[in-house]
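Right, one structure below, let's go through it.
Because the structure is predicted, anything quoted here is derived from the model rather than measured.
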Amino acid sequence: MSKIKVSLPDQVDSDIQRLVEQGEFLNRDQAVEDLLKRGISAYNTTTEETETLDQEIFDQTASEQQDPAMQDDFL
């Protein structure tokens, strides 16, 4: 397992500590690891899906475009 050193804003540090104190996580290391995994997974889409969606949006005229977040098949 890799180790990294990260500087966090005071508010983020306080939020993590509060989550640990509330029992959401066993300890600070687990909290940071889990929160990072969750954040990364929010961006983790397959390259193929992203490229297809981007190409479809690029090919549409401005009047045909729709916010991708509003498309049912995107979810």
Inset, instruction - Go through the structure and list residues passing side chain to side chain donor-acceptor pair (under 3.5 Å) with Gln30, not counting sequence neighbours. - result: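 Per chain and number, Gln30 pairs via side chain to side chain donor-acceptor pair (under 3.5 Å) with no residue.
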Inset, instruction - Could you walk me through whether Arg18 and Asp15 pass salt bridge (charged side-chain N to carboxylate O under 4.0 Å, His left out), step by step? - result: CA-CA 5 Å; Arg18 189 173 309 112; Asp15 290 343; 2.9 Å; yes
Inset, instruction - Only counting residues at least two apart or in another chain, list the ones meeting salt bridge (charged side-chain N to carboxylate O under 4.0 Å, His left out) with Glu24. - result: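 Checked Glu24 against salt bridge (charged side-chain N to carboxylate O under 4.0 Å, His left out); zero matches.
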Legend entry - Remaining members of the apolar cluster that contains Leu19, side-chain heavy atoms under 4.5 Å: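 Taking Ile, Leu, Val, Met, Phe, Trp and Tyr as members, Leu19 shares its hydrophobic cluster with Ile4, Val6, Leu8, Val12, Ile16, Val20, Phe25, Val32, Leu35, Leu36.
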Legend entry - Asn27 atom CG: more than 12 heavy-atom contacts under 6.0 Å: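 Yes, the 6.0 Å shell around CG holds more than 12 heavy atoms from other groups.
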